[in-house]
Every structure is written in C-alpha cells, then in structure tokens.
Amino acid sequence: MAPLSVSTQTRLLKTLDDGTFVFAAVGDPEWTIGSVIFGGFALGCVLDAISQTQSNGIHPDPVCLTVQFILAMIPGPFEIHIRVLRKGKHHDHLHASVHQKDRLIFTAQTIYGNLEPDSRDPDPGPSLPKAYTPICPLRTHPAVSKPSAKYLQLNFFEHYEWAEDMTILNRNDQLASDGQLEDGISWEVWTQLHDKTLLTSCMIPFFFDLTKMPWDLLPREVKGTAVWWTPSLSISLEFKTKFPLEEAFAPHTMGVYGRKRHMKNGRWSDSVELWTAPSSIGVGEIRADWRDEMVCVAVGSQVALAVPEEKNYKRRSAALRSKL
C-alpha cells in the first residue's frame, strides 16, 4: 500500500472552455473505512489538486476548507473539478466538486492565501499577545505516551499509530458521575503517520478526520458492543500554519485535541484543534516548557452520523450495481 503522501497525489487531465480544471485521482482500496474511502483521504486529494493550481501564484496556502458530503466514495478512479470563483488581493476563492461514476460525491469551498508573514503589509491586523495565546492543550508528552488500540475497520491501520491520554478519559467519567461535565467529553491523542514524507497541508484532513465519536468514549458498560459507521455530513477546517513545519517539531506526528459536546439520535458534532508535536510517540526528551513551544496548526469542526456498520457495505454494493 502506498503511503498517504503518494496515494493522495492527483494529476491534471484537462482544462475546460469555462476555465474549470479537471484532475484525476484514485481512491486507494486500502485507504478505506470498511468498504468506502476514508473522508480525510478524499479531502487530501482535493487539497493536492487545488494546491497545484495555486502553486505559482501569490496565494499558495489553504486558509479555509468547507465541505458538504452527498454520497460516500468507493475505491476506484474519480475526478475533481475546480473553478476559480474570485482572485483577490489577499485571498483566492475556489470551488471544487468531486465526481465518481457520473455521481456528485461532495462539494468543497476553499479560500487560499499566504500564511507567511508579509513585512510589506502596512496593516496586517492584530495578533493576540503571547500571554493571551493558548498553550498546547495536550497535557502528556508524546515521549511518555503509549500506543493505543486502533480501529480495525480502518484498512490503513498499519500506516499510523496513536496514543490516547487515558487520564483524560478517566477524568471525563469522573466529571460525568459528579454531574460536572460542563465542557463536554474531552479527547487528547498523539497521532503519527508511518510516512517518510514530511507533513504537508494536504495531510491535515487525515489527522482531523481520524477521530472518535462521543459514543466511543463512553464506558463499556454504557456504550455496549454495537459497531457503528460514522459518515461525515459536513466538515470545516481553518489552517493556521504554513508548511513545511519548522525542524523543531516532530516531522510525522500531530497532537489532536477534541471536545465532543452533543450527540442525539445518532447525529453528533466535533470540535478539534491540531497541534505540532515535540517528538514522536515513545521517544524524545521532555523540556519543562514544551507546551508553550507548540503551535496550533489547524482548527475544525464537523457534523457526522452514527449508523449501523452494515450500511457502510450496502453503500458499496449499491455503487457496484449501478455500473452493471
């Protein structure tokens, strides 16, 4: 199986008369959850294609990505159609639509800019003073974190590892039993890709989407043994840091901090921050001020569903029948 950095690569097929760029991509059957393509993988392909169209301009960096999912994607070829909506002084606005077997799979609105500080800009806007800037919310250093069990439904489980902070999960349970869970369910995890390529902005959707829904974080005696599929309805991401990252940060590891406050009738929401990591999981020295030195890379939110796992496989069966 090709690593994420290779599998998400796209190529320009053609440019239509109206200026639409058409890119070709392939949904790798091993980058799947159950029988459908993992959403974070598909979004990485979209960013790869758009970034190619922006690479020679003054706005090469993704700033915002907003996605609405219509259908689940199955393994196989698909196309990404990109239209430039507006070229501006500070930002470019682009629209992407993803098509597979003549079906619209999802749409995405993106804003591109330049995340490199520009000393020529006379009015860059205010930034929070250091004293008011949040430190890294993850409390346990990755060097002393132990790998956690992974979702076996993820067919790419050999290509990543993660280390959940179990003290946070225990704290959730204690606060819930005391009736004091006012901030919702917290989740902290270090996630690491087994990929020799340095982290890029195209990989950020993967780290964001590799999450747990609130139900999975409940005690076993509460959640039971049912297995759920959690397709996303919408995702919104804001990018805060330019890539590649500085050498002071771990090259393949991200910190994921999530708050999961609401879930009703299977529909749930998630709020996530992605942070740089001071080291890889299980290795490295611990500096006393390491949390102050980390940088927030992206923030995002999503709305998703929890549905019986068998619907995942029915989606692929229906798609396969449609091509006969």
Side-chain angles (χ1 to χ4, degrees), residues 2 4-29 31-32 36-116 118 200-206 209 231-239 242-243 300 315-316 318-324:
L4 185 68
S5 59
V6 175
S7 295
T8 53
Q9 292 178 1
T10 62
R11 62 182 179 89
L12 180 64
L13 277 179
K14 56 187 175 182
T15 303
L16 303 182
D17 292 339
D18 64 358
T20 298
F21 300 101
V22 179
F23 281 80
V26 177
D28 189 320
W31 286 98
T32 53
V36 302
I37 293 296
F38 182 61
F41 171 91
L43 296 186
C45 294
V46 170
L47 286 179
D48 178 82
I50 297 178
S51 295
Q52 289 185 53
T53 70
Q54 294 291 111
S55 61
N56 294 323
I58 61 174
H59 300 138
D61 304 317
V63 176
C64 297
L65 170 68
T66 304
V67 185
Q68 290 190 340
F69 293 92
I70 300 169
L71 293 172
M73 181 185 291
I74 63 171
F78 62 94
E79 290 186 352
I80 304 167
H81 295 201
I82 301 168
R83 290 187 296 116
V84 178
L85 303 179
R86 179 180 181 273
K87 289 280 189 178
K89 180 180 178 180
H90 298 290
H91 298 100
D92 294 343
H93 296 252
L94 304 99
H95 176 273
S97 58
V98 176
H99 306 260
Q100 188 177 52
K101 302 182 186 300
D102 299 321
R103 293 184 175 187
L104 179 61
I105 304 300
F106 63 85
T107 63
Q109 294 284 126
T110 62
I111 299 175
Y112 270 64
N114 194 326
L115 296 178
E116 189 75 39
D118 189 353
T200 69
S201 58
C202 297
M203 297 177 181
I204 291 304
F206 171 85
D209 203 26
S232 299
L233 295 177
S234 66
I235 285 177
S236 179
L237 276 171
E238 179 199 356
F239 299 79
K242 191 177 183 69
F243 286 84
R315 167 68 188 105
R316 183 175 186 182
L320 291 173
R321 288 196 301 271
S322 70
K323 74 173 185 178
L324 298 178

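Fair warning: this is a prediction, and the values are worked out from it, not measured in the lab. For the single chain, residues carry numbers from 1 onward in sequence order.
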With a 4.5 Å limit on heavy-atom distance, are the side chains of Trp31 and Thr8 in contact?
no
Answer yes or no: is there a side-chain heavy-atom contact under 4.5 Å between Phe239 and Asp61?
no
Taken in chain and number order and not counting sequence neighbours, the residues that satisfy salt bridge (charged side-chain N to carboxylate O under 4.0 Å, His left out) with Asp48 are none
Minimum heavy-atom separation for Leu47 to Pro62, with atom names?
CD2-CB, 4.2 Å
List the atom of Leu16, the atom of Lys14, and the distance in Å for their closest heavy-atom pair.
CD2-CE, 4.0 Å
Thr110 side, atom OG1; His95 side, atom NE2 - distance, nearest 0.5 Å:
9.5 Å
Rounded distance (nearest 0.5 Å) linking atom CG of Asn114 with atom CD1 of Ile58:
8.0 Å
Taking the side chain from Glu79 and the backbone from Leu13, do they hold a donor-acceptor pair closer than 3.5 Å?
no
If you define the side chain from C-beta out and look only at heavy atoms, does anything of Ser97 sit under 4.5 Å from Leu104?
yes
Are the side chains of Gln100 and Leu71 in contact, using a 4.5 Å heavy-atom criterion?
no
Sub-3.5 Å donor-acceptor pair from the side chain of Ser7 to the main-chain atoms of Ala2, do we have one?
yes
Has Asp18 got more than 12 heavy atoms of other residues, nucleotides or ligands less than 6.0 Å from its CG?
yes
Can you tell me how far CG of Leu43 sits from CE of Met203, rounded to the nearest 0.5 angstrom?
14.5 Å
May I ask you to test the Asp92-Val84 pair for a side-chain heavy-atom distance under 4.5 Å?
no
Minimum heavy-atom distance between Met73 and Ala42, given as atom pair plus value
CE-CB, 4.3 Å
How long is the span from the CD1 atom in Ile111 to the CD atom in Glu238, to the nearest 0.5 Å?
9.5 Å
Does any non-hydrogen side-chain atom of Val46 lie less than 4.5 Å from one of Phe106?
yes
Would you please classify the geometry between the Phe23 ring and the Phe21 ring as parallel, tilted or perpendicular, with 30° and 60° separating the classes?
tilted
Minimum heavy-atom separation for Pro75 and Thr32, please, with both atom names.
CG-CG2, 3.8 Å
Atom CD1 in Ile235, atom CG in Asp209: separation rounded to 0.5 Å?
4.5 Å
Nearest heavy-atom approach of Tyr112 to Ser51 is OH-OG, 3.0 Å
CD1 of Ile80 to CZ of Arg11: how many Å apart, nearest 0.5 Å?
12.0 Å
Could you tell me if the side chain of His93 sits less than 4.5 Å from the side chain of Cys64, heavy atoms only?
no
What closest approach, in Å, do His99 and Ile105 show between heavy atoms, and which atom pair accounts for it?
C-CG1, 4.3 Å
If we ignore hydrogens and angles and just use 3.5 Å, is the side chain of Thr53 paired with the main-chain N or O of Ile50 as donor and acceptor?
yes
Kindly indicate whether the side chain of Leu115, heavy atoms from C-beta on, has any atom under 4.5 Å from the side chain of Val63.
yes
Given 3.5 Å as the limit, does a donor-acceptor pair link the side chain of His59 with the main chain of Lys89, or not?
yes
